[in-house]
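Below: one structure, written as structure tokens.
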Amino acid sequence: MKKKQFFTTVVGLLMAVLPTHAQETKGYPYQNPDLPIEERVSDLLSRLTLDEKVQLMKHQSPAIPRLGIPAYNWWNEALHGVARTPERVTVFPQAIGLAATFDTQGMLTMADMISSEGRALFNEALQGGKGVAQYRGLTYWTPNINIFRDPRWGRGQETYGEDPHLTGQMGMAMVRGLEGNDPHYLKAVACAKHFAVHSGPEGNRHSFDARPSIFDLWDTYLPAFRDLVTKAHVHGVMCAYNRLNGQPCCGNDPLLVDILRNQWQFDGYVTSDCWAVNDFAHNHKTHPDDIVAASDAMLAGTDLECGNLYQLLAEGVRKGLHSEREVNVSARRLLTILFRLGMFDPQDRVPYASIGRDVINSDAHKQHALRMARESIVLLKNDRQFLPLNEKKIKRIAIIGPNADNEATPLGNYNGTPLETVTPLKGLKRRLGNRVTIDYYPGTGIVDKLKEGPSLSQVAKAAGHADVIIFVGGLTADYEGEAGDAGAGGYAGFASGDRTTLDLPPVQIEMLKALKKTGKPLVIVNMSGSTMTYNWESRNANALIQAWYGGQAIGDALADVLFGTYSPSGRMPLTAYCSDDDLPPFESYSMENRTYRYFKGEVRYPFGYGLSYTTFGYSALQCNEAVNTGEDLEVSVKVKNTGKREGDEVAQLYLSHPQDGNIRRPICALKGFRRVHLQPGEEQTITFRLTPEDLALTEKNGNLTETAGQVKIFVGGGQPKYATGCTTDLTINGEPYQVQPLGNK
């Protein structure tokens with residue numbers, strides 16, 4: 001071919017795949033948007049060389065100019081807003097705070113807003129013609145649906161808490177909101193991570209071998225993944241760093257082949273966690289070298305590598321470790337994702353291609369960030385109804401603490417940067433203006449005393465002039481989080497991003513004790529990605545609030561709660577234990593005596609708990625007295641606002657099966673929840689539909705089976721032991737019904 005002719009061909013093909021020029025050239029079948037995607041992918045795949053295919057299987061895949069394929073970086077994050085982009089975006093509460101909302105509709109709306117902002121950035125990048133760089137793509141490695149089994153885990157803040165049902169419901173809402181509902185095109189691509197059994201410790205995650213029982217695997221660690229794959233039809237899955245039963249998760253045939261592909265029929269793509277394949281030979285020591293590691297990961301179903309080894313797959317073909325046909329399997333899955341994002345089609349064919357940057361930080365998005373921040377706040381203690389504060393009676397407020405005006409704290413980790421972060425101090429000032437004097441002192445750092453400024457006693461003395469003291473403390477993502485990103489300074493109480501104690505750092509307790517001695521009313525606001533023991537706090541505060549990392553609007557939301565514009569309605573997605581001694585060894589993945597489903601001791605604040613400024617009553621719980629195995633059951637209950645303020649109630653449905661000494665069974669288990677807004681005196685009927693899956697129990701071999709017997713149904717404002725509500729007995733009749741007869745394969 002002559003040079004001039006070659007140049008013309010390359011330019012023509014490059015322009016053909018760009019949205020603004022896609023209709024100009026349709027030289028190959030893969031460029032024809034009228035053909036089925038499967039046919040287009042097959043055509044493009046047939047034109048790629050082996051070396052080109054394996055380059056496309058790396059997270060930073062280069063452009064292939066001769067075929068008009070633009071560069072694309074698969075790595076992007078959207079945990080609670082488009083993350084890590086230099087653009088200013090809307091930042092919602094951290095995932096654990098979102099879990100505290102128990103609001104799936106709010107999650108769905110939020111995820112849709114996030115994908116709109118991401119689409120706007122992606123559309124600009126694609127139209128620029130230079131390819132899509134890191135943190136501009138639409139393949140979001142979100143959500144993190146690992147079970148927060150131990151509150152010491154630093155990355156637990158990225159999850160939806162300790163309960164499989166809550167995690168599954170919130171995760172499915174996130175997936176559906178991100179991916180959209182177009183039958184042909186994906187708005188974005190969600191990714192369920194980290195598959196599987198990945199919940200700390202952070203310090204040895206690259207070499208750790210998790211060994212749960214088959215029962216715990218299928219009863220606790222896999223159900224949320226099953227929900228997202230089989231019900232929400234998520235298009236991405238990320239395999240974890242650790243091993244599971246001796247085999248690295250990114251090369252784990254039982255996980256990726258048997259369970260994910262064969263049993264759950266997953267047809268999306270699997271990506272490794274970043275540099276996880278490197279761990280095979282160098283940390284897990286399960287493989288002799290990187291070439292074998294890369295081959296094994298691909299053969300097990302890891303289609304995309306976030307890392308630097310998958311170029312070795314071409315050498316693996318030449319060495320006979322695998323065939324090019326096996327490479328094609330993964331390359332096909334990845335190309336299918338790109339086609340479904342509309343990367344190879346004209347803009348007028350893609351319903352999301354017209355989304356522009358006007359959606360970013362729009363008023364609707366800001367208002368929703370405020371809504372979710374309000375709903376995430378959990379009121380743990382309100383002694384003698386101390387809150388809400390009466391603005392007309394307060395002349396002076398002292399706001400103290402390391403998180404009172406720290407703009408980084410509310411953003412958590414895996415975050416974007418908002419136009420404005422409203423800290424608690426800023427929220428109070430915006431609300432109260434000049435009507436109330438506000439004295440602010442940091443008082444302490446997170447873990448140590450400040451080197452400059454007034455001493456603790458001096459701060460306490462100054463605060464003593466106020467009518468009420470608000471202490472805003474807790475942690476930050478510098479201390480709890482992912483290994484390498486957190487664990488700042490190696491302070492006592494922290495290890496590689498994890499926590500070694502659930503107590504508030506001693507310097508903050510020291511500050512609180514000094515404030516308590518003033519005799520002034522004390523409100524404690526804790527901002528963290530997990531729970532505390534709240535040992536001193538629960539005994540000494542007039543009011544205690546858990547505010548998580550509440551996103552860009554947390555200051556406004558907190559002011560609304562403190563002064564009663566909004567009645568708190570958040571619920572604990574975690575158990576708050578009384579002592580570090582209540583926790584089993586961190587590295588044990590047994591669920592024995594873990595989380596509300598299996599913990600037998602007394603707790604500080606239970607899962608599902610949260611106070612309000614009003615009260616709610618439950619009545620008329622109705623359902624059939626008996627149901628046959630394999631049938632759905634409808635449960636209804638009346639919920640009434642029996643107080644004097646409007647507010648949201650989170651109605652929770654729990655099941656309790658008779659205990660059997662031969663197999664572990666949950667003490668109770670959440671199987672439904674509904675957030676409802678009620679005016680004073682208003683009553684509403686809430687209906688739940690329980691499926692055979694909801695009524696079933698996990699057997700020792702992992703099978704999920706519904707069997708005949710008695711089941712207690714409780715619906716109330718929390719767990720049966722801690723909340724008022726209604727209880728009824730249900731009789732299940734019939735032969736055993738295997739809902740998920742797959743765990744023992």
Side-chain angles (χ1 to χ4, degrees), residues 100-102 373-400 424 427-428 431-432 435-436 438 463 466-473 512 515-516 518-526 532 534-547 554 556-572 576 603-606 608-618 639-652 675-683 716-719 722-725:
T101 71
F102 279 66
R374 284 170 170 167
E375 292 183 2
S376 72
I377 293 173
V378 184
L379 179 60
L380 296 175
K381 179 185 178 182
N382 193 19
D383 190 25
R384 300 179 183 179
Q385 288 73 54
F386 180 76
L387 295 180
L389 301 174
N390 188 331
E391 186 175 331
K392 295 179 180 179
K393 295 183 179 180
I394 292 179
K395 302 300 181 182
R396 195 179 197 106
I397 291 175
I399 181 168
I400 315 294
L428 287 178
R431 179 184 179 89
L432 301 174
R435 298 185 304 277
V436 175
I438 299 176
D467 299 312
V468 61
I469 300 171
I470 301 172
F471 180 86
V472 188
L512 283 167
L515 295 173
K516 181 70 175 179
T518 66
K520 294 301 175 73
L522 177 62
V523 176
I524 299 176
V525 178
N526 187 72
M532 303 288 180
Y534 309 103
N535 189 2
W536 190 93
E537 304 94 304
S538 64
R539 290 184 286 108
N540 290 277
N542 295 85
L544 176 60
I545 291 172
Q546 176 65 36
I554 187 58
D556 287 332
L558 185 60
D560 288 342
V561 168
L562 289 171
F563 286 92
T565 303
Y566 183 84
S567 177
S569 60
R571 300 293 183 264
M572 292 293 284
V603 304
R604 184 79 63 202
Y605 298 111
Y609 173 85
L611 300 175
S612 172
Y613 294 154
T614 188
T615 55
F616 300 92
Y618 289 78
V639 184
K640 184 177 181 179
N641 185 339
T642 56
K644 298 180 180 180
R645 291 175 175 265
E646 66 176 301
D648 285 8
E649 169 69 332
V650 177
Q652 303 162 48
R675 174 179 278 270
V676 57
H677 184 81
L678 297 172
Q679 297 292 330
E682 183 181 1
E683 186 175 69
Q719 292 179 50
Y722 301 100
T724 58

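Put simply, the residue from Glu375, Glu649, Arg675 that forms a side chain to side chain donor-acceptor pair (under 3.5 Å) with Ser569 is Arg675. Checked against Tyr534 for a side chain to side chain donor-acceptor pair (under 3.5 Å), the options Arg604, Arg539, Gln546 give a single hit: Gln546.
Expressed to the nearest 0.5 Å, how far CD1 of Ile394 lies from CG of Leu562 amounts to 9.0 Å. Distance CD1/Ile438 to CG/Leu428: 5.0 Å, rounded to 0.5 Å. Within the model, atoms CD1 of Ile399 and CD1 of Ile469 stand 12.0 Å from one another, a figure rounded to the nearest 0.5 Å. The CZ atom of Arg571 sits 8.0 Å away from atom CG of Leu611, with the distance rounded to the nearest 0.5 Å. Atom NE2 of residue His677 and atom CG of residue Asn641 lie 8.5 Å apart, to the nearest 0.5 angstrom.
Counting only heavy atoms from C-beta outward, the side chains of Glu391 and Leu432 approach each other to under 4.5 Å. Ile470 is not listed as a side-chain neighbour of Pro424, based on a closest heavy-atom distance of 4.5 Å or more. Looking only at side-chain heavy atoms (C-beta outward), Leu522 and Phe386 stay at 4.5 Å or farther from each other. Within the 4.5 Å cutoff, the side chain of Asp560 has heavy atoms near those of the Arg431 side chain. Looking at heavy atoms from C-beta onward, Leu387 lies in side-chain contact with Ile545 at the 4.5 angstrom threshold. Between Tyr605 and Leu544, the closest side-chain pair of non-hydrogen atoms falls below 4.5 Å. In this structure the side chain of Tyr609 reaches within 4.5 angstrom of the side chain of Leu380, judged on heavy atoms. Residues Asp556 and Tyr566 are not in side-chain contact: their nearest non-hydrogen atoms beyond the backbone lie 4.5 Å or more apart.
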Residue pair Leu512, Asn540: steps toward the side chain to side chain contact (heavy atoms under 4.5 Å, CB included) verdict
CA-CA 9 Å; Leu512 283 167; Asn540 290 277; over 6 Å; no

Working note: Val561 + Leu379, criterion side chain to side chain contact (heavy atoms under 4.5 Å, CB included); need CA distance, chi angles, decisive distance, verdict.
CA-CA 9 Å; Val561 168; Leu379 179 60; 5.9 Å; no

Would Tyr722 and Val603 count as a side chain to side chain contact (heavy atoms under 4.5 Å, CB included) if you check the C-alpha gap in whole Å, the side-chain angles of each, and the deciding distance to 0.1 Å?
CA-CA 10 Å; Tyr722 301 100; Val603 304; 3.5 Å; yes

Side chain to side chain contact (heavy atoms under 4.5 Å, CB included) between Lys393 and Asp467: does it pass, once the steps are laid out?
CA-CA 9 Å; Lys393 295 183 179 180; Asp467 299 312; over 6 Å; no

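When all heavy atoms are compared, the tightest approach of Met532 to Ala576 is O-CB, 3.9 Å. The heavy-atom pair separating Ile400 from Ala463 by the smallest distance is CD1-CB, 4.3 Å. Taking both residues in full, the closest heavy atoms of Arg645 and Gly564 are given as NH1-O, 3.5 Å, listed atom of the first, atom of the second, then distance. The two residues Ser567 and Tyr613 come nearest to each other via the heavy atoms OG-N, 3.0 Å. Taking every heavy atom of both residues into account, Val650 and Thr101 meet most closely at CG2-O, 4.4 Å. Heavy atoms only, all atoms of each residue included: Phe616 and Thr642 are closest at N-OG1, 3.6 Å.
Heavy-atom neighbours of Lys516 NZ from other residues, nucleotides or ligands within 6.0 Å: above the threshold of 12.
Put simply, the side chain of Glu537 gets close to the backbone of Asn535: a donor and an acceptor are under 3.5 Å apart. Proximity of a side-chain donor or acceptor of Gln719 to a complementary backbone N or O of Pro606 within less than 3.5 Å is not detected. With hydrogens and angles disregarded, a donor-acceptor distance shorter than 3.5 Å links the side chain of Gln652 to the backbone of Gly717.
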